[in-house]
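Numbers here simply count residues along the sequence, with the first being 1.
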Amino acid sequence: MATGEARISHSTLDTLPLSPRVQYLRHMLISAETLPAIDVRLNDLEILAAAVIDGLPAHHAGIISQYFRWGVLRKIRQRSASKPLTAGMFSARSSELRKIAAFLAWLDGQGVDLASLDQGTVDHFFAHHRSQVAVITFLKWAIQQQLTAPITPPRRQQARPAPSVQEDTIWHKVDELLDDESIPPGSRIIGLLVLVFAQRISDCVRLRRSAVSEDGATTSIIFGRTPLTLPDPIAGLLRRYIRELDRDRPFVRGGPDWLFPGTTPHLHVSEAIVALHLAPHKIHARRSQHARIDQLVQTVPASVVADTLGINVNTAIRHAARTNARWGDYPELRSSPPGE
């Protein structure tokens with residue numbers, strides 16, 4: 001080598017295990033431009049795949065080799081042209097090969113091959129084996145290649161992200177607020193609106209009395225365009241709060257009709273005061289609001305959630321997309337009295 005080029009001694013190589021030694025030598029040769037630059041992980045994946053395939057029975061090796069070359073490697077190379085293979089992708093692809101090999105071995109144990117594979121055998125496999133997305137992908141490829149009958153693999157389920165606040169936790173906090181009379185009633189009600197109807201404290205403190213309407217035993221409130229009927233425990237608490245408010249602090253004519261007035265005339269209660277009252281119950285308003293929207297868009301169309309809660313429809317759609325929402329029936333809000 002010329003002066004300045006990378007040098008590596010036999011003694012240095014001999015102190016390294018085989019795999020790191022090969023990697024070290026390869027990186028040094030690439031750095032010295034003795035070897036052309038390559039996607040190192042992609043190259044390692046091809047070496048690993050060859051080793052896995054070589055260790056399989058011949059009738060499995062041929063199928064998996066064909067799948068890896070045309071179903072996996074071709075797509076990875078296309079992507080690698082603009083973005084190298086990541087460590088996570090390398091691990092996932094190598095794990096997939098082993099899962100597919102295990103599936104084919106399982107078929108052998110059942111006395112079945114791909115050509116004779118039927119729906120009952122497929123259903124039996126997936127009923128007893130979890131996390132088999134690799135096998136689903138492989139079966140779809142095998143069907144396209146007419147290596148097996150047109151069976152129906154189970155749909156790939158997209159994992160939903162874990163909510164920032166669990167639903168059970170939210171309802172537990174709701175029960176706490178309904179029972180805890182040591183908290184000022186206005187702050188209790190605002191806390192319930194945050195937890196149940198995904199409202200922000202800043203919006204709640206600006207609610208007007210005109211947002212609340214009563215029709216017999218039914219109490220409704222408007223956050224957006226469509227009134228929401230309040231469940232009995234919250235409705236009862238709100239009706240009692242309004243009666244006490246009218247008795248203790250008559251409405252000042254000509255001023256704003258705040259539903260939650262502050263101590264200063266014509267001003268609503270401050271957000272900080274409400275947050276301070278809710279602090280003992282460790283209610284994190286923003287996290288609870290986001291988690292509640294996530295829960296609601298699972299059962300109600302995003303447009304309906306936006307319309308009734310008064311949030312931007314794009315916000316509701318983002319929550320629905322992020323949680324892979326599939327809405328169905330409207331949820332039933334708790335209507336039982338406190339303590340039941």
Partners passing salt bridge (Lys or Arg N to Asp or Glu O under 4.0 Å) against E46 (at least two apart in sequence or in another chain): R77

Acceptor/donor pairs from residues 193-207 side chains to any protein atom, 3.5 angstrom cut, sequence neighbours excluded:
unit_1, atom_1, unit_2, atom_2, d
Q199, NE2, F197, O, 3.0
Q199, NE2, L309, O, 3.0
R200, NE, D203, OD2, 3.0
R200, NH2, D203, OD1, 3.4
R200, NH2, D203, OD2, 3.2
R206, NH1, S202, O, 2.6

What one should report as the nearest heavy-atom pair of P184 and H277 is CG-CE1, 3.4 Å

Hey, could you give me the CD1/CG distance between I136 and L139, rounded to the nearest 0.5 Å? 8.0 Å

Roughly how far, to the nearest 0.5 Å, is the NE2 atom of H129 from the CZ atom of F103? 9.5 Å

Are I293 and I317 connected into the same hydrophobic cluster when the rule is that any two of I, L, V, M, F, W, Y join if their side-chain heavy atoms are below 4.5 Å apart? no

Check: L192 and L238 side chains under 4.5 Å, non-hydrogen atoms: no

For H59, side chain to side chain contact (heavy atoms under 4.5 Å, CB included) partners two or more places apart: P57, D108

Kindly give the heavy-atom pair with the smallest separation between H281 and K173, and that separation in Å. O-NZ, 2.6 Å

Measuring from atom CZ of R208 to atom CG of D257, what distance do you get when rounded to the nearest 0.5 angstrom? 5.5 Å

Solution key, residues 110-119 side-chain donor-acceptor pairs under 3.5 Å, sequence neighbours excluded:
unit_1, atom_1, unit_2, atom_2, d
D113, OD1, A115, N, 3.3
D113, OD1, S116, N, 2.9
D113, OD1, S116, OG, 2.7
S116, OG, D113, N, 3.2
S116, OG, D113, O, 3.3
D118, OD1, T121, N, 2.9
D118, OD1, T121, OG1, 2.6
Q119, OE1, T152, N, 2.7
Q119, NE2, D123, OD1, 3.0
Q119, NE2, T152, O, 2.9

Same cluster for L296 and W171 if Ile/Leu/Val/Met/Phe/Trp/Tyr side chains link at under 4.5 Å? yes

Closest non-hydrogen atom pair between Y241 and I189, with its separation: CB-CD1, 3.6 Å

Over all atoms of both residues, closest heavy-atom pair of A302 and A316: O-CB, 3.4 Å

Side chain to side chain contact (heavy atoms under 4.5 Å, CB included) for L177 and I283? Distances and angles first, verdict last. CA-CA 10 Å; L177 291 183; I283 295 173; 3.7 Å; yes

Minimum-distance pair of heavy atoms, taken over all atoms of D179 and R188: N-NH2, 4.2 Å

Could you tell me the separation between the CD atom of Q289 and the CD1 atom of I170, rounded to the nearest 0.5 Å? 10.5 Å

For P150 and I143 the tightest heavy-atom approach is CA-CG2, 4.1 Å

Check the pair H172, T169 against side chain to side chain contact (heavy atoms under 4.5 Å, CB included), reporting the backbone distance first and the verdict last. CA-CA 5 Å; H172 178 69; T169 300; 5.5 Å; no

When hydrophobic residues are tied together by side-chain contacts of less than 4.5 Å, even through go-betweens, does F138 share a cluster with L48? yes

Residues which pass side chain to side chain contact (heavy atoms under 4.5 Å, CB included) with A92, listed by chain and number, not counting sequence neighbours: none

Check the surroundings of atom CG in D215: do more than 12 heavy atoms from other residues, nucleotides or ligands lie under 6.0 Å from it? no

Given the rule that I, L, V, M, F, W and Y join up when any side-chain heavy atoms are under 4.5 Å apart, are I311 and I222 in one cluster? no

Reported CG-to-CD1 distance for the pair L259 and I242, which is rounded to 0.5 angstrom: 5.5 Å

Going hydrophobic residue to hydrophobic residue with side-chain gaps under 4.5 angstrom, can you get from V313 over to V297? no

Is the NZ or CZ atom of R209 positioned over W258's six-membered ring, under 6.0 angstrom from the centre and within 45° of the axis? no

Is the shortest heavy-atom distance from the side chain of L245 to the side chain of F260 under 4.5 Å? no

Gap between atom CG of L107 and atom NE2 of H60 - 0.5 Å precision: 7.0 Å

Close side-chain approach of F125 to V135, heavy-atom, < 4.5 Å: yes

Go through the structure and list residues passing salt bridge (Lys or Arg N to Asp or Glu O under 4.0 Å) with E96, not counting sequence neighbours. R93

